[in-house]
S.K.: 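Before I ask anything, let me first share the structure, which is written out below as structure tokens.
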Amino acid sequence: MSVSPIPDAPVGAPALAVGPRQRALILTGLSLGGFAIGTSEFASMGLMPNMVAELGVSEPQVGHLISAYALGVVVGAPLLAILGGRLSRKALLLSLMAFYAAGNLATALGPDYLSLMLFRFIAGLPHGAYFGVAALTAVAITPPEARGRAVSLSMLGLTLAILLGTPLATWMGQLASWRWTYAAVSLVALATVTLLAIYLPANGKAPRTRVLDELRAFNRLPVWQGLLIGAIGFAGMFSVFSYLAPTMVQVTGVAPAWIPVGVAGFGLGGLIGNMVGGWLFDRLRFRAVPVVLGWALVMLLLFPLAAQAPWSLLLATVCIGAMGALGPILQSHLMDVAGEAQTLAAASHHAAFNAANALGPLLGGMAISAGFGWTSTGPVGAIPAVAGIGLYLWAARTRARRLQAEACCPAA
């Protein structure tokens, strides 16, 4: 497993020269970890009726479990990225995924609602740091001109989790217990540890700056603008997705057995969006953001109409799930603007993503509790999509002014 630098590699992401077979196995391992994380993250959405019945709580309270996990991601992503900065990428990835296996096993064994709130928070801690380091590792073993595609591949497991993992988790929960889902996630996480331990080179440590220098590089307006777009713009997708199961039963009028199909529709849309997002970034760069958010705005506003019939609801889930294209676009953009803080920025992208995962269920739950109905999650979710477009316009104007200033007064 020889390692050699590639001159054109992004700053902070040392290039690893590996053979095609080894590269494929590493990417498979990274995606498998994403599959475990995605299945665990989104399982509560499909299992909501089962968890409500066993725990004796309401649907919005199960939504709070989703938010607790997302809060764990927001806290853990930058914290663990900084604390693990002196480790090799391999050691950090293995540690994070082992931690994830333990957190999900605790969830499977949690005796009551309050303990589950704690365990879901703990399980979320390694989420963002894993995806951040995984994206940088995928970029390091991929030619620089295909960075967007590399990031898409590193996140492929996350979208496959929505397409396959979450429907299977929902089905498993209906047949047996929702607890078996989280136990299965722990096994997949351990399989990821095994695969990466065998095939990922041990000397993939990035050149590191001091913590204060990295924080200084991270604390720049373009980085925060990209994170804000993710934290707010993504929320609409989660507003709808979090309450999809009761919406299908209460509004569309289908049997609970159809819930895995609806969840799979989101997964199919996410898979399409993930691939389209990498393609869009390689062609439009940051300008791809308003394309995706504009699409999301239209689809979210149409959701109340689409929810009235099974065929249109399934089509809507695919279209709203395609909003996942924003993920690889923002991840790649942050790697461009983060300078020496690439690991921290890449991890923080997933913190922003899960801030949206906390905000979406919160907004949707407030609208439902206020009596606006299950389908109000669509129009409510359109509000942060509009805000995301506004944030993009702010970021684009800031960049144009900076480029203009540099053109007028170039540095000596």
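Computed from a predicted structure; not experimentally measured. Residues take their numbers from the sequence shown, with the count starting at 1. What's counted below: heavy atoms across the whole structure, side chains too, no hydrogens, waters or symmetry copies.
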S.K.: Is there a side-chain contact between Phe131 and Ile37 (heavy atoms, below 4.5 Å)?
M.R.: yes
S.K.: Do Ile320 and Phe241 touch side chain to side chain, with heavy atoms closer than 4.5 Å?
M.R.: no
S.K.: Are any side-chain N or O atoms of Lys90 and backbone N or O atoms of Pro201, one a donor and one an acceptor, separated by less than 3.5 Å?
M.R.: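 A pair under 3.5 Å: no.
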S.K.: What's the separation between atom CG in Asn104 and atom OG1 in Thr181, rounded to the nearest 0.5 Å?
M.R.: 10.5 Å
S.K.: Compare every heavy atom of Leu244 with every heavy atom of Thr317, then report the nearest pair and how far apart it is.
M.R.: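 So the minimum-distance heavy-atom pair works out to CG2-CD1, 4.0 Å.
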S.K.: Test: salt bridge (charged side-chain N to carboxylate O under 4.0 Å, His left out). Region: residues 173-190. Which pairs qualify, not counting sequence neighbours?
M.R.: Glu54-Arg179
S.K.: Which pair of non-hydrogen atoms, one from Met248 and one from Leu313, has the smallest distance, and what is that distance?
M.R.: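 The answer is CG-CD2, 3.4 Å.
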S.K.: Show the nearest heavy-atom pair for residues Val254 and Pro310, with the distance to one decimal.
M.R.: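 Reported closest heavy-atom pair: CG1-CG, 3.9 Å.
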S.K.: Taking Ser177 for its side chain and Trp180 for its backbone only, find out whether a donor-acceptor pair lies under 3.5 Å.
M.R.: no
S.K.: Once ring-ring contact (aromatic ring centres under 6.0 Å, His included) is applied, do any residues pair with Phe353, and if so which ones, sequence neighbours excluded?
M.R.: Phe234, Phe238
S.K.: Could you go through the side chain to side chain contact (heavy atoms under 4.5 Å, CB included) check for Met97 and Leu196 one step at a time?
M.R.: CA-CA 10 Å; Met97 194 46 59; Leu196 293 179; over 6 Å; no
S.K.: State, with a plain yes or no, whether a side-chain heavy atom of Ser40 is found less than 4.5 Å away from one of Tyr100.
M.R.: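 A side-chain contact exists here, since the closest heavy-atom pair is under 4.5 Å.
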S.K.: Only counting residues at least two apart or in another chain, list the ones meeting side chain to side chain donor-acceptor pair (under 3.5 Å) with Ser369.
M.R.: none
S.K.: Quick check for you: to the nearest 0.5 Å, what is the distance between Ser31 atom OG and Ile26 atom CD1?
M.R.: 11.5 Å
S.K.: With sequence neighbours excluded, give me every side-chain hydrogen bond (donor to acceptor under 3.5 Å, both in side chains) pair touching residues 224-246.
M.R.: Asn219-Trp224, Gln225-Thr398
S.K.: So do Leu80 and Pro126 actually touch side chain to side chain, heavy atoms under 4.5 Å?
M.R.: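 Counting from C-beta outward, Pro126 and Leu80 do come under 4.5 Å.
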S.K.: Answer yes or no: is there a side-chain heavy-atom contact under 4.5 Å between Leu116 and Leu55?
M.R.: yes
S.K.: Sort and list the pairs that fulfil ring-ring contact (aromatic ring centres under 6.0 Å, His included) and have at least one residue in residues 284-308, not counting sequence neighbours.
M.R.: Phe286-His333, Phe286-Tyr392
S.K.: Pairs in or reaching into residues 156-177: which pass ring-ring contact (aromatic ring centres under 6.0 Å, His included), with residues at least two apart or in two chains?
M.R.: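 Sorted pair list comes back empty.
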S.K.: Any side-chain heavy atom of Leu30 sitting closer than 4.5 Å to one from Leu93?
M.R.: yes
S.K.: Just jot down the side-chain contact (heavy atoms from CB on, under 4.5 Å) partners of Ala108, sequence neighbours excluded, or say none.
M.R.: Tyr182, Ala183
S.K.: Could you pull out all residues at least two apart from Ala197 that satisfy side-chain contact (heavy atoms from CB on, under 4.5 Å)?
M.R.: Leu94
S.K.: Which pair of non-hydrogen atoms, one from Gly324 and one from Met237, has the smallest distance, and what is that distance?
M.R.: N-SD, 4.2 Å
S.K.: Taking atom CE of Met366 as the centre, does the number of heavy atoms from other residues, nucleotides or ligands within less than 6.0 Å exceed 12?
M.R.: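 Open.
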S.K.: Hey, does the side chain of Thr252 reach the backbone of Ala309 with a donor-acceptor pair shorter than 3.5 angstrom?
M.R.: no
S.K.: Output the distance between atom CZ (Phe281) and atom CZ (Arg285), rounded to the nearest 0.5 Å.
M.R.: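 Reported to 0.5 Å precision, the distance equals 4.0 Å.
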S.K.: Any side-chain hydrogen bond (donor to acceptor under 3.5 Å, both in side chains) pairs touching residues 105-117, not counting sequence neighbours?
M.R.: Thr107-Arg120, Asp112-Ser115
S.K.: Find the distance between CG (Leu96) and CG (Leu125) and round it off to the nearest 0.5 Å.
M.R.: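 Answer rounded to 0.5 Å: 10.5 Å.
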S.K.: Heavy atoms, side chains only, cut-off 4.5 Å: are Val251 and Gln308 in contact?
M.R.: yes
S.K.: Any side-chain heavy atom of Leu293 sitting closer than 4.5 Å to one from Met323?
M.R.: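 Yes, their side chains come closer than 4.5 Å.
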S.K.: Quick check for you: to the nearest 0.5 Å, what is the distance between Ile232 atom CD1 and Ile389 atom CD1?
M.R.: 12.5 Å
S.K.: Could you give the distance from CG (Leu334) to CD1 (Ile229), rounded to the nearest 0.5 Å?
M.R.: 9.0 Å
S.K.: Listing request: all ring-ring contact (aromatic ring centres under 6.0 Å, His included) pairs with a residue in residues 246-265, at least two apart in sequence or in separate chains.
M.R.: none
S.K.: Which atom pair, heavy atoms only, marks the closest approach of Leu359 to Ala235?
M.R.: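 Looking at all heavy atoms of both residues, the closest pair is CD2-CB, 3.8 Å.
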S.K.: State, to 0.1 Å, how close Ala169 and Thr39 come at their nearest heavy-atom pair, and which atoms those are.
M.R.: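 Heavy atoms only, the tightest pair is CB-CG2, 4.3 Å.
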S.K.: Only counting residues at least two apart or in another chain, list the ones meeting side chain to side chain donor-acceptor pair (under 3.5 Å) with Tyr130.
M.R.: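 If we apply the side chain to side chain donor-acceptor pair (under 3.5 Å) test to Tyr130, skipping adjacent residues, there are no hits.
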S.K.: Just list the side-chain donor-acceptor pairs under 3.5 Å for residues 375-382, sequence neighbours left out, or say none.
M.R.:
| from | atom 1 | to | atom 2 | distance (Å) |
| --- | --- | --- | --- | --- |
| Ser376 | OG | Gly373 | O | 2.6 |
| Thr377 | OG1 | Trp374 | O | 3.2 |

